[in-house]
Amino acid sequence: MMDILKIMAKILEWYRSMMMQVQKWTAPKRMQIIHAFVVAEVLFSLTTVVLVLFVPTNIRLFVLLFAVGKKLGVLSAGMLCLTLVPGIIRRFGILPELRVFLMMFRRHFGILTYLFAVAHSLLTYWLPALRFGFTPILTFQLLGMIALGFGTPLFITSNDFSVRVLQKWWDHVHSLVYLMLFFAALHTLFTSPTTGILLMAVVVLEVISYLVQYSHGHTVPRG
Ligand code: HEM
């Protein structure tokens, strides 16, 4: 028992010193990192547009793009988790250092969630459909489309202008992320059980963290 406590204390000490190092490095470079995110987002969107405009005809390229599209689905799911972790750990009242770090870039994790999901659906569904013809939409595809639908207002309002204009409504709009998560989890359970279970675990953690927050009878500012 004592050994386990000692190991836990060591892990906590290691985590704190690592987070301090990470923050010492990232805090002064915050703006540069954010600019790098914006450049990556623009380049990624342009590449996606080019792929759609010049629907590839080469079958090998098609197979490759389908495989890339699947990976983008996993990346989108990962980004969605990163966007949601700060809220969960805030409600549990744990790991404040990690929260501060993730909050610096949360908007861009959210934007990437959407851009990756759009590219994912283009490469795995729309491009094949345009090339080989449309087939009836399957349940798991519909669930993915619903998730993407809920993500659209989040993507459009992920900027300072919308925060200023929408004020308290911004929080309400961004609560749609929970519906996006739920439908993305259902969609993914059909296609990749590992990622699906991960997303469902996040759904469960969201629910438990809200229960913990309300059982403590306090409301911590959103974040
Ligand atoms: C937030 C939205 C979405 C997320 C997070 C997401 C995530 C994923 C993940 C993780 C996979 C499994 C990839 C793998 O097996 O490695 C997948 C598969 C797939 N998704 Fe999505 N997806 C989303 C939206 C969509 C949409 C809108 C469509 C369009 C209909 C779509 C169509 C597909 C297809 C066709 C597959 C591949 C099925 C196969 O293996 O043949 N997804 N998605």
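Along the sequence shown, residues carry numbers from 1. Read the numbers this way: they start at 1 and go in the same order the structure lists the ligands and their atoms. Here the structure is a predicted model, which is why all the values come from computation and not from measurement.
- Relative ring orientation between His108 and Phe37 is described as parallel, the plane-to-plane angle staying below 30° on a 0-90° scale split at 30° and 60°.
- Atom-to-atom distance recorded for Leu61:CG and Leu51:CG is 8.0 Å, nearest 0.5 angstrom.
- Of the possible donor and acceptor atoms, none in the side chain of Glu41 sits under 3.5 Å from a partner among the backbone N and O of Leu112.
- The OG1 atom of Thr195 sits 10.0 Å away from atom CG of Leu75, with the distance rounded to the nearest 0.5 Å.
- The aromatic rings of His187 and Phe140 sit parallel to each other, their planes meeting at less than 30°, with 60° as the upper class boundary.
- Near Leu148, meaning under 4.0 Å from any of its heavy atoms, are these atoms of ligand 1: 27 (C).
- In terms of protein heavy-atom proximity, atom 16 (O) of ligand 1 is closest to Val74 CG2, 3.7 Å.
- Contact annotation: for Thr124 versus ligand 1, heavy atoms closer than 4.0 Å belong to both the backbone and the side chain.
- Looking only at heavy atoms of the protein, atom 6 (C) of ligand 1 is closest to His187 CD2, 3.4 Å.
- Remark: the Tyr114 side chain and the Thr152 side chain contain an N/O donor-acceptor pair separated by less than 3.5 Å.
- For atom 7 (C) of ligand 1, the nearest non-hydrogen atom of the protein is Gly73 O, 3.5 Å.
- Looking at Met79, Met180, His120, it is His120 that brings a heavy atom closest to atom 23 (C) of ligand 1.
- Shortest non-hydrogen contact noted between Thr124 and Phe66 is O-CE1, 3.3 Å.
- Separation of the Phe182 and Phe150 ring centroids does not fall under the 6.0 Å cut-off.
- For atom 40 (O) of ligand 1, the nearest protein heavy atom (residue, atom name, distance) is Lys70 NZ, 3.3 Å.
- Using cut-offs of 30° and 60° for the angle between ring planes, the Phe105 and Phe109 rings count as perpendicular.
- Within the 4.0 Å heavy-atom cutoff, Gly151 does not count among the residues contacting ligand 1.
- For ligand 1, the atoms sitting less than 4.0 Å from at least one non-hydrogen atom of Ser192 are 12 (C), 15 (O), numbered in the order shown with element in parentheses.
- Proximity annotation for atom 28 (C) of ligand 1: of Ala77, Gly144, Ser121, Ser121 comes nearest, heavy atoms only.
- In terms of protein heavy-atom proximity, atom 36 (C) of ligand 1 is nearest to Phe140 CE1, 3.8 Å.
- Among protein heavy atoms, atom 10 (C) of ligand 1 sits closest to Thr188 CG2, 3.4 Å.
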Test side-chain contact (heavy atoms from CB on, under 4.5 Å) applied to Ser158 and Arg107, step by step: CA-CA 6 Å; Ser158 284; Arg107 175 179 289 178; 4.2 Å; yes
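- Counting heavy atoms under 4.0 Å from ligand 1, residue Lys71 does not touch it at all.
- The side chain of Phe66, and not its backbone, has at least one atom closer than 4.0 Å to an atom of ligand 1 (non-hydrogen atoms only; side chain from C-beta on).
- Counting heavy atoms under 4.0 Å from ligand 1, residue Thr195 touches it through the side chain alone.
- Between Trp169 and His172, the ring planes are perpendicular. Angles over 60° get that label, and only those under 30° would be called parallel.
- Given atom 5 (C) of ligand 1, the protein heavy atom at minimum distance is Ser76 OG, 3.7 Å.
- Closest to atom 2 (C) of ligand 1, if we only count protein heavy atoms, is Ala117 CB, 3.7 Å.
- When the heavy-atom distances from atom 11 (C) of ligand 1 to Leu123, Thr191, Val118 are ranked, the shortest goes to Thr191.
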